[in-house]
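Worth saying up front: this structure is predicted, and the values here are computed from it rather than measured. Letters A, B, ... are given to chains in the order of the sequence lines, protein chains preceding strands, and every chain is numbered from 1.
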There are 2 protein chains.
Amino acid sequence: MTTIRDVAKLADVSVATVSRVLNQTGNVSPKTLQRVEAAISQLNYQPNDVARSLFKGRSKMIALFVPDIMNPFFPELARAAEDVASKHGYTFVLCNTDGDGEKELTYLKALKQKSVDGIIIVSSTLSKDAMAHLDLPIIALDRKIGTNIAAVTVNNRKAAQQAVTHLQEVGCKRIAHIRGPQGASNAEDRMAGYIDIVGQTDWFNPSFICEGDYTADHAYKAALDLLQQHPEIDGIFAANDLMGVGVLKAAAALGKKVPDELAVIGFDGIALGEVTIPTLSTMAQPTYDIGARAAEMLIEHIDTYDLNRFVEPVEYEVKLIKRQSTERRTNDDK
Amino acid sequence: MTTIRDVAKLADVSVATVSRVLNQTGNVSPKTLQRVEAAISQLNYQPNDVARSLFKGRSKMIALFVPDIMNPFFPELARAAEDVASKHGYTFVLCNTDGDGEKELTYLKALKQKSVDGIIIVSSTLSKDAMAHLDLPIIALDRKIGTNIAAVTVNNRKAAQQAVTHLQEVGCKRIAHIRGPQGASNAEDRMAGYIDIVGQTDWFNPSFICEGDYTADHAYKAALDLLQQHPEIDGIFAANDLMGVGVLKAAAALGKKVPDELAVIGFDGIALGEVTIPTLSTMAQPTYDIGARAAEMLIEHIDTYDLNRFVEPVEYEVKLIKRQSTERRTNDDK
DNA sequence: TTGTAAGCGTTATCAA
DNA sequence: TTGATAACGCTTACAA
């Protein structure tokens, strides 16, 4: 490996001077500048980032915590964050947490030891206490964490209201909800939006709300139970698209026609929803944008070195996309 | 930040001794061992990995290059590699290359400067020359790179033969192929397998092979053209599932019934294929396994520090999964 | 404008 | 069994 010392020797200057041209700090005369640059390119010298990190205490790396990159919602988030990171010269570390608090803590520790500069976290298990100790720039993404950690999310409650209203508009009389996991702020908010719309109706029944965990398999089983126990249900709002697909499968398994006997709407807007049969209506998030925004905020946070600044939460809008799974029933009694 | 010096001071020993207990190298008396451990836990001391990396020249990080994490085949690969990395105490860096050679080179350089210990690469654009200079452990995944870089792949050619044979068995008489990008070894091999089976038939026509790039959109357009130009085509082997989905959409757009008028089979075995209509037959790769294996090989490679060792390429088997898109036509003239 | 030298937090060599 | 101390490759006071 060729070091700054080799360059200095070849250019017949001190390492300090080489460092100066490398970082464009301090003044160097045009003549020596040229000599140094020549030496650098002649030796094909590339500064050692580890040494830099050691001195500076920062690594030019950011990390993203996701529950599981195999859930199709997260790759887009990851892609966006990586694009932004790389654009700003940051290296991008990906951590699958499985929503496991222990794992999250282990990762946190490891990253801290590596002087990672900041972290974007999708989590509903991490306590803010754990992160107070951390003293690292953090942005919560998709789900809020406590109240004093900057967050990038969408307006889940309002979007959920819209989704349920849409089901009503296409003629649904008994609408159930398959919710996301306990403690996930987005799951709570989406459920709240559902309740806002149907909670006061005469038919509403708390057992119309099923616990889910954002996976298709679980939602499939939950929907099976739900539809067998409550055959009168003619609309389901699933808290994410993956669960929406699970509902679609359950409906198919039970011979329930979608949308004629059961209308279904999901949440997220993943590409998957376009290729199911029927295609899945959804509340589409601007997924790439929120991932990119979170990364931008984090990096700005890092660059300004402003650790204690309270950062306003950012909320994006969600867009209703109507597809076959909620196509208006023409033969409806409405 | 608390350093090894703080620990030494508190335990009233030298930093060398602390380092010894940290790394379990050299002998320390039980008494001092205890004192040091007490000091460590009292101060909640965690060694600085950057300093370690600087001294050792290795970082305990590995990277994965994928063309695009949003292509559903790659998250599973990434998940597997990350699992293995983390199991071995390595930090996992993800790089989206977009199949762009420039980007790959940029990443390579950046990672080298960070003393990344090794890289798993999915690429068809990186020249082996570029990597010879690199002098870093590398494993090629999914696609081969040159001949002297260890690779983990599947038996693409044989699997392609199987796929095409399966189309024949369900009654297809004119089978087309939508291939993967030029230069990608897996695309070449899959095409070779296709030609092995149909190249000598009397109906074979080179224009039955369409250029594709492993994306659904492109395949959609290609299939549209293909099916309009050659209405006699009754079977398509798409070189990956994403393109298979594109073909399904094209068939739907043209009013061609799948599988009755057109049978379709893909490659990869992504979950997406289970929720399309009709569901998509495929040659399923053991995706997680190959990702995990690549990471295991890389880390073993790193740990044994055996840079020049020639590593045998590893080839996994692929499994035919029959779904609706190739369901045997009972009213076939066969 | 340039150079010297003291760190950054480790590990490992060599003495004691 | 322990402790000084010289690296690792860089940046930045501080001097010259």
Subject >> Close residues, residues 9-16 of chain B, relative to DNA chain C [heavy-atom separation under 4.0 Å] >> reply: B/Ala16
Original post:
What are the residues of residues 21-42 of chain B, sorted by number, that bring a heavy atom to within less than 4.0 Å of DNA chain C?
Top reply: B/Asn23
**OP:** Test B/Val50 against A/Val50 for side-chain contact (heavy atoms from CB on, under 4.5 Å), laying out the working first.
**Re:** CA-CA 6 Å; B/Val50 178; A/Val50 179; 4.0 Å; yes
Subject >> Residues, nucleotides or ligands: over 12 heavy atoms within 6.0 Å of A/Gln182 CD >> reply: yes
**OP:** Taking the side chain as every heavy atom from C-beta outward, state whether A/Ser19 and A/Ile4 have any pair of such atoms under 4.5 Å apart.
**Re:** yes
Subject >> Nearest-angstrom distance from the residue atom CZ of A/Arg5 to P of D/dC10 >> reply: 8 Å
Subject >> Rounded interatomic separation in angstrom, taking CG from A/Asn48 and P from D/dA7 >> reply: 18 Å
**OP:** Would you give the length of the straight line joining atom CG of B/Leu126 to atom CD1 of B/Ile149, rounded to the nearest 0.5 angstrom?
**Re:** 7.5 Å
**OP:** Give me the first and last nucleotide of DNA chain C, going 5' to 3', that has any atom under 4.0 Å from a heavy atom of chain B.
**Re:** C/dG9 to C/dT13
Original post:
Picking from A/Thr91, A/Leu136, A/Ile302, A/Leu298, what satisfies side-chain contact (heavy atoms from CB on, under 4.5 Å) with A/Asp117?
Top reply: A/Ile302
Subject >> Spacing of A/Leu54 atom CG relative to D/dC8 atom C1', expressed in whole Å >> reply: 9 Å
Quick one: which protein N/O atoms are closer than 3.5 Å to N/O atoms of nucleotides 14-16 of chain D? Pair and distance per line, please.
none

Original post:
Charged N to carboxylate O under 4.0 angstrom, B/Glu188 versus B/Lys144?
Top reply: no
Subject >> Verdict with reasoning, B/His88 to B/Val84, per side-chain contact (heavy atoms from CB on, under 4.5 Å) >> reply: CA-CA 6 Å; B/His88 290 268; B/Val84 170; 3.7 Å; yes
Original post:
Whole-Å distance between D/dT5 C1' and B/Ile4 CD1?
Top reply: 14 Å
**OP:** Write down the distance between CD (A/Gln46) and P (D/dC10), rounded to a whole number of angstrom.
**Re:** 11 Å
Original post:
B/Ile40 and B/Leu22: side-chain contact (heavy atoms from CB on, under 4.5 Å), yes or no, with the steps?
Top reply: CA-CA 9 Å; B/Ile40 287 176; B/Leu22 248 29; 3.5 Å; yes
Subject >> Polar contact flag, side-chain donor to acceptor under 3.5 angstrom, A/Asn186-A/Asp142 >> reply: yes
Original post:
Under 3.5 Å, is there a donor-acceptor pair between the side chain of B/Thr25 and the main chain of B/Arg20?
Top reply: no
Original post:
Got a sec: does the CD of A/Gln34 have more than 12 other heavy atoms crowding it under 6.0 Å?
Top reply: no
Got a list of side-chain donor-acceptor pairs under 3.5 Å for residues 8-15 of chain A, not counting sequence neighbours?
from, atom 1, to, atom 2, distance (Å)
A/Ser14, OG, A/Ala16, N, 3.3
A/Ser14, OG, A/Thr17, N, 3.4
A/Ser14, OG, A/Thr17, OG1, 3.4

Original post:
Is there a side-chain contact between B/Val154 and B/Pro286 (heavy atoms, below 4.5 Å)?
Top reply: yes
**OP:** May I ask you to say whether A/Arg79 pairs ionically with B/Asp98, meaning some side-chain N is under 4.0 Å from a carboxylate O?
**Re:** yes
**OP:** Note the angle between the end axes of the helix from C/dT1-D/dA16 to C/dA16-D/dT1, five pairs defining each, rounded to 10 degrees.
**Re:** 50°
Original post:
Is it the case that B/Asp268 and B/Tyr214 place a side-chain donor and acceptor less than 3.5 Å from each other?
Top reply: no
**OP:** Using atom NZ of A/Lys56 as one end and atom P of D/dC8 as the other, report the distance to the nearest whole Å.
**Re:** 22 Å
Original post:
Do you know which of A/Val122, A/Asp100, A/Asn96 makes side-chain contact (heavy atoms from CB on, under 4.5 Å) with A/Pro67?
Top reply: A/Val122
**OP:** Give one of base, sugar-phosphate or nothing for A/Thr17, where a contact means two heavy atoms less than 4.0 Å apart.
**Re:** sugar-phosphate
